[in-house]
Every structure is written in C-alpha cells, then in structure tokens.
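Structure first, commentary second.
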Amino acid sequence: MTSFNSSSIPIAMTIAGSDSGGGAGIQADLRTFSFHCVHGTSVLTCITAQNTLGVTRVDAMSPEAVTAQFETVMVDMRVGAIKTGMLLNQEIVKTVAKKFVAFGLGNVVVDPVMVSRTGAQLLDDAAVKTMKDLLIPLAAIATPNRYEAQILAEMEIHTLADMQTAAQQIYKLGARSVLIKGGAMSGALKAVDVWFDGDRFEVLQTEAIDTQHTHGTGCTLSAAIAANLALGKPHFQAVQEAKNYVTEALKYGLAIGRGQGPVGHFYPLL
Ligand SMILES: Nc1ncnc2c1ncn2[C@@H]1O[C@H](COP(=O)(O)OP(=O)(O)O)[C@@H](O)[C@H]1O
Ligand SMILES: Cc1ncc(COP(=O)(O)OP(=O)(O)O)c(N)n1
C-alpha cells in the first residue's frame with residue numbers, strides 16, 4: 001500500500017456541454033482532468049448530438065438544473081479551479097456568473113466557446129454581450145480562439161500585433177489575464193498563442209502539428225489550465241504546461257470518424 005492521501009486530491013470543475021462523440025466538451029474536460037490526476041466534477045449546460053463531422057442537435061439544460069448541479073457540488077467539495085466551456089444561451093451565462101459571484105470564486109478559466117471548428121453555433125448571439133459584461137470580468141484567465149477574440153475585441157486579427165491588441169482589449173473587459181489561441185491563425189502564426197496579464201505579453205509557441213484531428217483542442221487547453229490551477233501552479237506556468245499537453249495530445253490525434261477526430265488525451269498509454 002502507498003501512503004496516498006485520497007482526501008487531498010485536487011478537484012476541478014467543468015461547466016460545459018456534452019459532446020456525444022466524446023471529442024470536446026465535458027468528455028474532453030474530464031479526460032484532461034484525469035490525465036493531470038485531478039478529480040473532475042461537472043455541471044452540464046446542454047447536450048449536443050455531435051460527431052467528428054459536426055453538430056446535429058442541441059438540447060439546453062434549464063438554468064435551475066445548472067444551479068442545482070453547481071451548488072450541490074460546491075457545498076460538499078473543495079473545488080480548486082473551474083473552467084467554463086459551451087454555455088449556449090444568455091440565461092445560462094447569467095446563472096453561471098451569478099454563482100461565481102455568490103461563491104466568491106477566483107480560479108476561473110473562461111473559454112468563451114462560440115462556434116465549433118465545424119461551423120456550428122455554440123452560443124446564442126444574445127449571450128455574447130452577457131458574456132462580455134458578466135463572465136469575462138470574472139475570469140482569472142480568458143481563452144478565446146481567433147474568431148472569439150475578434151468578436152470580443154471587435155477587431156480583425158491577422159498578425160501577431162493584432163493578437164496583442166485584441167488581448168489588451170479583452171483584458172480591458174475585466175479578465176485578469178487573456179490567452180489568445182492561434183489554432184486558426186495561418187502561416188508562421190499557426191498554433192502561436194499570445195498571453196497578456198495587464199503587465200507583460202508572452203508568446204507561446206510549440207510546433208504546429210500537421211493533422212486534421214484537432215477536435216476539442218480548445219476545450220482540452222482550458223481544462224488543462226484549470227487542472228494546473230487546481231494543482232496550485234501559478235497562472236502563466238499553468239498555461240505553458242497546458243499548451244505543451246495539447247501539443248503532445250495533437251501528435252496522437254484519433255482517426256475515429258469521417259471528419260475531425262479528437263486529440264489523444266491519454267497519449268502516454270498509446
Ligand atoms: N495544428 C496545431 N498544432 C499545434 N497546436 C495547435 C494546433 N491547432 C491548435 N493548436 C493549439 O491548440 C490550442 C487550442 O487552440 P485553438 O484550436 O485555436 O482553439 P479552439 O479549439 O477553441 O478553436 C492552442 O494552444 C493552439 O495553439
Ligand atoms: C459540447 C462542445 N463544447 C465545445 C465545443 C468546441 O470545442 P473546441 O475545443 O473549442 O473546438 P473545436 O472542437 O470546435 O475545434 C464543441 N464542439 N462541443
């Protein structure tokens with residue numbers, strides 16, 4: 001027997017949608033938490049019927065169901081960090097923001113999921129303003145991709161300087177730090193991410209992996225950041241290590257459908 005103390009295992013929470021194909025959303029987040037030896041709790045916001053080709057249906061959970069899942073976990077367990085993913089509509093965004101304020105939560109990673117790479121809308125138009133006004137200001141780290149950053153910062157992003165300007169604009173919305181993800185950038189900027197914490201910029205660059213199996217990269221990154229925060233790592237270190245994790249997982253992307261397969265979350269076991 002080892003002297004493992006199970007009561008001290010770090011706990012993280014994902015507030016996100018279900019992906020029936022298992023590549024993104026809650027499923028990707030919980031696998032990522034497990035990889036980091038962090039116990040994963042989950043608040044389901046919606047159920048997507050989804051595979052590697054796209055999303056065919058979305059069913060929302062009620063705000064009451066979201067509240068009940070959240071409160072039931074929070075009153076019982078010491079959740080060290082939370083990530084938000086697909087929140088779908090304005091009511092759910094408002095509900096989640098209200099609960100974060102009520103519980104005085106600090107280690108919050110907001111992945112402002114709006115559109116999937118296959119083109120499906122994952123956040124109602126009406127919810128975008130609420131996300132900007134209520135949720136982004138509560139983020140310790142906000143992690144928009146190129147398109148989400150363009151919407152939040154109200155500008156086009158083509159260059160590294162654009163990424164930096166957008167990060168500053170989103171920081172001004174109230175996030176304590178911003179990571180603009182570069183999976184959708186082109187040329188030399190492909191997979192280059194930009195971090196800004198109000199003080200300093202950092203450019204995070206790993207090798208760009210040549211693969212079509214990128215489904216769930218954003219979910220995986222934000223979940224890995226949350227796991228690292230739950231493990232007590234400083235914010236920028238949490239981001240750096242999460243970026244390295246996604247890069248390795250992308251090398252082991254799974255060709256399991258006719259479209260964009262998920263990343264290999266459990267790559268060391270493959
Ligand atoms: N082909 C790739 N090679 C290496 N890293 C990638 C690749 N595509 C995306 N990434 C990385 O995956 C993370 C998620 O980014 P991105 O794909 O832009 O987010 P989203 O899935 O939200 O659109 C970022 O760290 C990004 O740099
Ligand atoms: C249920 C659900 N949540 C989030 C996403 C988007 O996933 P993400 O990792 O941001 O990006 P892509 O997989 O679309 O590249 C999703 N598709 N489903």
Side-chain angles (χ1 to χ4, degrees), residues 14-32 42-61 83-88 92 109-123 141-152 157 163 179-195 202-225 238-254 257 259-263 265:
T14 167
I15 305 178
S18 166
D19 169 358
S20 56
I26 291 270
Q27 289 82 357
D29 296 345
L30 292 177
R31 279 202 298 276
T32 301
S42 57
V43 172
L44 204 57
T45 58
C46 62
I47 298 170
T48 71
Q50 188 171 178
N51 59 21
T52 62
L53 298 169
V55 177
T56 58
R57 180 183 166 112
V58 182
D59 289 279
M61 299 298 289
K83 71 146 276 186
T84 66
M86 179 177 175
L87 300 183
L88 185 64
I92 295 177
V109 182
V110 174
D111 185 1
V113 173
M114 294 181 190
V115 184
S116 77
R117 205 171 282 215
T118 53
Q121 186 164 3
L122 305 178
L123 185 73
I141 307 174
T143 64
N145 65 21
R146 179 187 185 182
Y147 303 113
E148 293 151 358
Q150 290 186 148
I151 292 168
L152 293 171
I157 299 177
M163 293 175 88
L179 179 75
I180 310 253
K181 301 173 292 192
M185 297 298 289
S186 48
L189 287 177
K190 175 85 186 164
V192 172
D193 300 350
V194 169
W195 154 272
E202 295 281 355
V203 175
L204 292 98
Q205 183 155 24
T206 54
E207 55 195 302
I209 310 302
D210 185 16
T211 175
Q212 75 173 93
H213 304 303
T214 58
H215 182 41
T217 45
C219 300
T220 301
L221 182 80
S222 53
I225 296 171
V239 169
Q240 273 181 313
E241 292 184 15
K243 167 88 171 136
N244 292 338
Y245 172 60
V246 172
T247 307
E248 290 309 307
L250 273 163
K251 291 180 188 166
Y252 292 85
L254 307 180
Q260 298 176 1
V263 303
H265 291 100

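Just so you know, ligand 1 is whichever comes first in the structure, and atom 1 is the first atom listed for that ligand.
- Considering backbone and side-chain atoms together, Cys219 places an N or O closer than 3.5 Å to an N or O of ligand 2.
- Near Leu122, meaning under 4.0 Å from one of its heavy atoms, ligand 2 places the atoms 5 (C), 6 (C), 16 (C), 17 (N).
- Between Asp111 and ligand 2, no pair of N/O atoms sits closer than 3.5 Å.
- Between the CZ atom in Arg146 and the NZ atom in Lys181 there is a gap of 14.0 Å [rounded to 0.5 Å].
- By the criterion of a heavy-atom distance under 4.0 Å, neither the backbone nor the side chain of Gln260 is placed next to ligand 2.
- Without hydrogens or angle criteria, Ser18 side chain to Thr48 main chain gives no donor-acceptor distance under 3.5 Å.
- The heavy-atom pair separating Val55 from Leu122 by the smallest distance is CG2-CD2, 4.5 Å.
- Atom 23 (O) of ligand 1 has its nearest heavy-atom neighbour, among Leu204, Val239, Asn145, Leu250, in Asn145.
- Protein heavy atom in closest approach to atom 17 (O) of ligand 1: Arg117 NH2, 2.3 Å.
- Nearest non-hydrogen protein atom to atom 22 (O) of ligand 1 is Lys181 NZ, 2.8 Å.
- In this structure, the side chains of Met86 and Asp19 stay at 4.5 Å or more apart for every pair of heavy atoms.
- Within the 3.5 Å criterion, the main-chain N or O of Trp195 finds no donor-acceptor partner in the side chain of Glu202.
- Judged by distance alone, with hydrogens and angles left aside, the side-chain atoms of Thr45 form no donor-acceptor pair with the main-chain N or O of Leu87 at under 3.5 Å.
- Between the choices Ser116, Gly182, Gly183, Pro112, the shortest heavy-atom distance to atom 9 (C) of ligand 1 belongs to Gly183.
- Ligand 2 has a nitrogen or oxygen under 3.5 angstrom from a nitrogen or oxygen of Gly218.
- In terms of protein heavy-atom proximity, atom 14 (O) of ligand 2 is closest to Arg117 N, 2.7 Å.
- Side-chain contact between Leu204 and Leu179 is present, with at least one heavy-atom pair separated by less than 4.5 Å.
- Thr211 places a side-chain N or O within donor-acceptor distance of the main-chain N or O of His213, the cut-off being under 3.5 Å.
- In terms of protein heavy-atom proximity, atom 1 (N) of ligand 1 is nearest to Ile209 O, 2.9 Å.
- For ligand 1, the polar-atom distance check finds no N/O of Lys190 at less than 3.5 Å from any of the ligand's N/O atoms.
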Under the side-chain contact (heavy atoms from CB on, under 4.5 Å) criterion, do Thr143 and Lys83 qualify, and how do the steps go? CA-CA 10 Å; Thr143 64; Lys83 71 146 276 186; over 6 Å; no
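- A donor-acceptor pair under 3.5 Å links the side-chain atoms of Ser20 to the main chain of Gln50, judged by distance alone.
- Every atom of ligand 1 is numbered from 1 in the order shown, and the set under 4.0 Å from a heavy atom of Ala191 is 3 (N), 4 (C), 5 (N), 6 (C), 27 (O).
- Annotation: the span from Thr84 atom OG1 to Asp29 atom CG amounts to 10.0 Å, rounded to 0.5 Å.
- Between the side chain of Gln150 and the backbone N or O of Ile157 there is at least one donor-acceptor pair closer than 3.5 Å.
- Across Gly17 and Leu44, no two heavy atoms sit closer than the pair C-CD1, 4.1 Å.
- A heavy-atom separation below 4.0 Å is not found between Met185 and ligand 1.
- The single protein non-hydrogen atom nearest to atom 12 (O) of ligand 1 is Val246 CG1, 3.5 Å, given as residue, atom name and distance.
- The distance from ligand 1 to the heavy atoms of Ala208 drops below 4.0 Å at these ligand atoms: 3 (N), 4 (C).
- In terms of polar-atom proximity, Leu221 is not counted as a contact of ligand 1, lacking any N or O under 3.5 Å from an N or O of the ligand.
- Residue-to-ligand polar distances place Lys243 within reach of ligand 1: an N/O pair is separated by less than 3.5 Å.
- The closest protein non-hydrogen atom to atom 24 (C) of ligand 1 is Asp193 OD2, 3.3 Å.
- Residues passing the side chain to side chain contact (heavy atoms under 4.5 Å, CB included) test with His265 are Ala28, Arg31, Thr32, Thr220, Tyr245, Val263, sequence neighbours excluded.
- Using a 4.0 Å cut-off between heavy atoms, Ala24 contacts ligand 2 through its side chain alone, with no backbone atom that close.
- Listed by atom number, the atoms of ligand 2 under 4.0 Å from Ser116 heavy atoms are 14 (O), 17 (N).
- In terms of modelled atom types and a separation under 3.5 Å, the side chain of Asn51 and the main chain of Gly21 share no donor-acceptor contact.
- Close N/O approach between Gln50 and ligand 2 is found [any backbone or side-chain N/O within under 3.5 Å].
- Of all the atoms in ligand 2, the ones that sit under 4.0 Å from a non-hydrogen atom of Met86 are 1 (C), 2 (C), 3 (N).
- Residue contacts with ligand 1, taken as heavy atom pairs separated by less than 4.0 Å, involve Glu207 solely via the backbone atoms N, CA, C and O.
- Close approach of ligand 2 to Ser18 (heavy-atom distance below 4.0 Å) involves ligand atoms 1 (C).
- In this structure, Gly216 is part of the shell of residues with a heavy atom less than 4.0 angstrom from ligand 2.
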